[in-house]
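Structure first, commentary second.
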Amino acid sequence: MALTDLAGRTSQAKLNSMAVDLIDVTLTRTGTSVADGQVISESIEIPNAVAVTGGSAIIQSIILHNRDDDVESPAIELLFEPNDMSAGTMAGISDDESITIQGAVTISNWSTLQPSANEIAFKSNIGMVVKAASDSRSIYVTAINRSGAAYTPSSVNSLTAKIGIVKD
């Protein structure tokens, strides 16, 4: 097997040392109506998303859970960044902040679960590389409504995610 540049280990040895994790994140911070293009939740920390301080990881899968009885099925864009951006609205992201965004994923394939009317949406095989700030093991996610209409979460914890991460 060929050697990689990563600590002189073979590719196989490197793959065998990676940790896989499924991290729960609550995305909703507001129970008020969120217009299309507006932030649902700003810069939510994903603690221990990478194995070492300043390390990197691969986001492989994301499942969204909407525990709202009103079936709204909003398209949601998730932005991943190394620092707390506290965007507020898309118009509020500065040029300096926008260049720190490491990736984005839009999820819109909702399935309604019966009889509860809760919903799930899933994205797999993402393969997005993210890197924590040099003094952190966390990355941050911002959720934006991309549904074309208003989205009104029923409570502050009705929208959650499970983020599948392969840690370097």
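Below, all heavy atoms of this structure are taken into account, side chains as well, without hydrogens, waters or symmetry copies.
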Worked verdict on E119 versus S73 for side-chain hydrogen bond (donor to acceptor under 3.5 Å, both in side chains): CA-CA 7 Å; E119 300 176 296; S73 307; 2.4 Å; yes

Evaluation steps, side chain to side chain contact (heavy atoms under 4.5 Å, CB included), between V39 and V34: CA-CA 7 Å; V39 171; V34 180; over 6 Å; no

Interatomic spacing from NE2 in H65 to OG1 in T26 - rounded to 0.5 Å: 11.0 Å

Please table the atom pairs, donor to acceptor, closer than 3.5 Å between any side-chain atom in residues 127-135 and protein atoms at least two apart or in another chain.
residue	atom	partner	partner atom	Å
K131	NZ	G54	O	2.6

S136 OG to N48 CG distance, which is reported to the nearest 0.5 Å: 8.5 Å

Set of residues satisfying side chain to side chain donor-acceptor pair (under 3.5 Å) with respect to T106, sequence neighbours excluded: none

Side chain to side chain donor-acceptor pair (under 3.5 Å) partners for S158, two or more places apart: none

Hydrophobic cluster partners of F122 (side-chain heavy atoms under 4.5 Å): I63, L113, I120

Nearest-0.5 Å distance, OG of residue S138 to CD1 of residue I44: 12.0 Å

Closest non-hydrogen atom pair between V52 and V50, with its separation: O-CG2, 3.2 Å

Closest contact, heavy atoms only, A104 versus E77: CB-OE2, 3.7 Å

From CA spacing to verdict: salt bridge (Lys or Arg N to Asp or Glu O under 4.0 Å), D36, R146: CA-CA 6 Å; D36 182 50; R146 295 290 187 207; 5.7 Å; no

Among L27, I40, I144, side-chain contact (heavy atoms from CB on, under 4.5 Å) partner for L78: L27

From CA spacing to verdict: side chain to side chain contact (heavy atoms under 4.5 Å, CB included), W110, I76: CA-CA 11 Å; W110 291 96; I76 296 174; 4.1 Å; yes

Donor + acceptor pair across side chains of S56, D168 (<3.5 Å): yes

Trace of the side chain to side chain contact (heavy atoms under 4.5 Å, CB included) decision for E45 with D84: CA-CA 7 Å; E45 182 179 13; D84 183 350; over 6 Å; no

Contact check, side chains of I163 and I46, non-hydrogen atoms, under 4.5 Å: yes

Nearest heavy atoms of P153 and Y151, plus distance in Å: CD-O, 3.5 Å

I23 CD1 to I139 CD1 distance, which is reported to the nearest 0.5 Å: 7.5 Å

Between T142 and E81: side-chain donor-acceptor atoms closer than 3.5 Å: yes

Nearest-0.5 Å distance that lies between atom CD1 in I126 and atom OG in S61: 6.5 Å

Interatomic spacing from CD1 in I165 to NZ in K162 - rounded to 0.5 Å: 13.0 Å

Qualifying residues under side chain to side chain donor-acceptor pair (under 3.5 Å), relative to N109, sequence neighbours excluded: none

Flag side-chain contact, heavy atom, 4.5 Å: Q102 against P82: yes

Minimum side-chain heavy-atom gap D21-K167 below 4.5 Å: yes

By side chain to side chain donor-acceptor pair (under 3.5 Å) - contacts of S147 (at least two apart): N145

Donor-acceptor contact below 3.5 Å, side chain R67 vs main chain L159: no

